[in-house]
There are 2 protein chains.
Amino acid sequence: MSVLTGGKLKLIQAALRLINQSRSLTSLGLRELAREAGLNPNTFYRHFKNLDEFGLQVLGYIAEDMKSGVRELRQMAESSEQASHDTVTFVYHYFLANPAATTVAVRELHGPSPLLRRALESQLDASAREMAEDIIERQLVSAVPQETIHEISRMTIRYILFRAMDYIEKPAQREAIQQETERFINRQFRGAMLDHLSQTDVENLAQKYA
Amino acid sequence: MSVLTGGKLKLIQAALRLINQSRSLTSLGLRELAREAGLNPNTFYRHFKNLDEFGLQVLGYIAEDMKSGVRELRQMAESSEQASHDTVTFVYHYFLANPAATTVAVRELHGPSPLLRRALESQLDASAREMAEDIIERQLVSAVPQETIHEISRMTIRYILFRAMDYIEKPAQREAIQQETERFINRQFRGAMLDHLSQTDVENLAQKYA
DNA sequence: CAACGGAGTAGACAGTTGTATACTTTGGTT
DNA sequence: AACCAAAGTATACAACTGTCTACTCCGTTG
């Protein structure tokens, strides 16, 4: 990505500011943007062809920022449960520190613009792939096939994003949301370990260890 | 809910039609609505005080429709896996048959209007509660505490809604999405049966039955 | 039959939007 | 110092928006 000149950056940051005040990226107007950025409306055209292109660039800006955050996530962890706890803690803190970016992602993932949707989807899948490869590499849940780890990673990423809005908006529930998310992940992996058993097998098992 | 007179119904249906063509409820304009409904813009004011109230009424209309659909869901099922399969099949078919309602729900659940968000949340929680009580009543997964069943139900409802958009839009992936959702549910419940075990216990178990 | 109120219409208002054209300012290169 | 492209500005336009007031129509009730 090229260096952002003053006006371009100002416009993108104005968008993030407006989105934070409960707006959606696709609903932002060109003049509104320029007003918030303290620029002349037509300056917009110097940097972007239209609002669609603008949306994509905002997404790119966010993605780059998020990438650099996720890099720090490659820490050591003794066990898979430890890893899930650390990862969940980190990710939610990242969301909390970047509410606007998070809001954009959640809103536009199912928003009206197919263009932005596709872009976001592929970014989420990339994150999920990274997460899965990390889990596989560190052999955190060796009892589960790799394809299943990928699937659970995809589900988890989406679930966390889903909960991120509540996490940001409801401070009193943050701890509860985090613990709930950890249970979600652990149950998925534990359940996956039993994928090859029949239902009656699992029931017997549950009774035996009750 | 009172009987809908001609114009009111026309406006609500116009909204659903517009939303189906990739729009969001909160972004609809009063004149746009009236145009689509074939009415004079001012007729809107005969039925609604403003656009916020309109949104709420659309939500109510959808909720009522959805309720009557979910009622049919109370069928017999031999096992929990059977039940999850039946439920998932039914719910996705319902979404497919009501794409506009589904789109509204997904978009506004994280949309810019706090009012609509709260309303939708409580509707989803009501559905989750119903699902959980059904599972408990029919003793489908007796090895899991009731509170956990409620938690998993809430997660499942949200997850399904999350996937509903893809289900609607990508016919080729429908079977895959449905199977993936079933795996999601079964893993949650199976994993929850092992909630009280330590991680090493689970690992030993997995090795023993590998 | 008359009166009434709900439903729908007509026209007008100020304000906003995206866009086009034409202009000025700025910073860097030769 | 001269030049040039990039960045930013000014003005104007048609189209659209939400809302107001004033009107007509029509079925119900008295």
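What you see is a predicted model; the values in this text were computed from it and never measured. Each chain gets a letter, A, B and so on, in the order the sequences are listed, and its residues count up from 1.
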Given atom [atom1] of [X] and atom [atom2] of [N], what is their separation to the nearest angstrom?
X: B:Phe48; N: D:dT19; atom1: CZ; atom2: P; result: 14 Å
X: A:Arg35; N: D:dT9; atom1: CZ; atom2: P; result: 15 Å
X: A:Phe54; N: C:dG18; atom1: CZ; atom2: P; result: 12 Å
X: B:Glu32; N: D:dG18; atom1: CD; atom2: P; result: 8 Å
X: A:Asn50; N: C:dA20; atom1: CG; atom2: P; result: 11 Å
X: B:Leu11; N: C:dG6; atom1: CG; atom2: P; result: 18 Å
X: A:Leu51; N: C:dT16; atom1: CG; atom2: P; result: 18 Å
X: A:Leu30; N: D:dT9; atom1: CG; atom2: P; result: 14 Å

Q. Would one find a side-chain N or O of A:His47 under 4.0 angstrom from OP1 or OP2 of D:dG8?
A. yes
Q | Residues that A:Thr156 engages under side-chain hydrogen bond (donor to acceptor under 3.5 Å, both in side chains), provided they are two or more places apart | A | none
**Q.** side-chain hydrogen bond (donor to acceptor under 3.5 Å, both in side chains) partners for B:Gln146, two or more places apart
**A.** none
Q: Look at the side chain of A:Tyr45 and decide which nucleotide, out of C:dG18, C:dA22, D:dT19, has an atom nearest to it.
A: C:dG18
(Q) For the CD atom on B:Glu147, are there more than 12 heavy atoms of other groups (residues, nucleotides or ligands in this structure) within a distance under 6.0 Å? (A) yes
**Q.** For A:Phe44, all residues meeting ring pair (Phe, Tyr, Trp, His ring centres under 6.0 Å), sequence neighbours excluded
**A.** A:Phe48, A:Phe54
Q) Which residue pairs pass the ring pair (Phe, Tyr, Trp, His ring centres under 6.0 Å) test when at least one of the two sits in residues 101-121 of chain B, sequence neighbours left out? A) A:Phe162-B:His110
Q: Check whether the ring centres of A:Phe95 and A:Tyr167 lie less than 6.0 Å apart, and answer yes or no.
A: no
Show each protein N/O and nucleotides 10-12 of chain D N/O combination with a separation under 3.5 Å, one pair to a line.
residue	atom	partner	partner atom	Å
D:dA10	N6	A:Asn42	ND2	2.4
D:dT11	O4	A:Asn42	ND2	3.1

Q) When only distance counts, do a donor and an acceptor, one from the side chain of B:Arg46 and one from the base of C:dG6, lie under 3.5 Å apart? A) no
Q) What residues form a salt bridge (Lys or Arg N to Asp or Glu O under 4.0 Å) with A:Glu175, not counting sequence neighbours? A) none
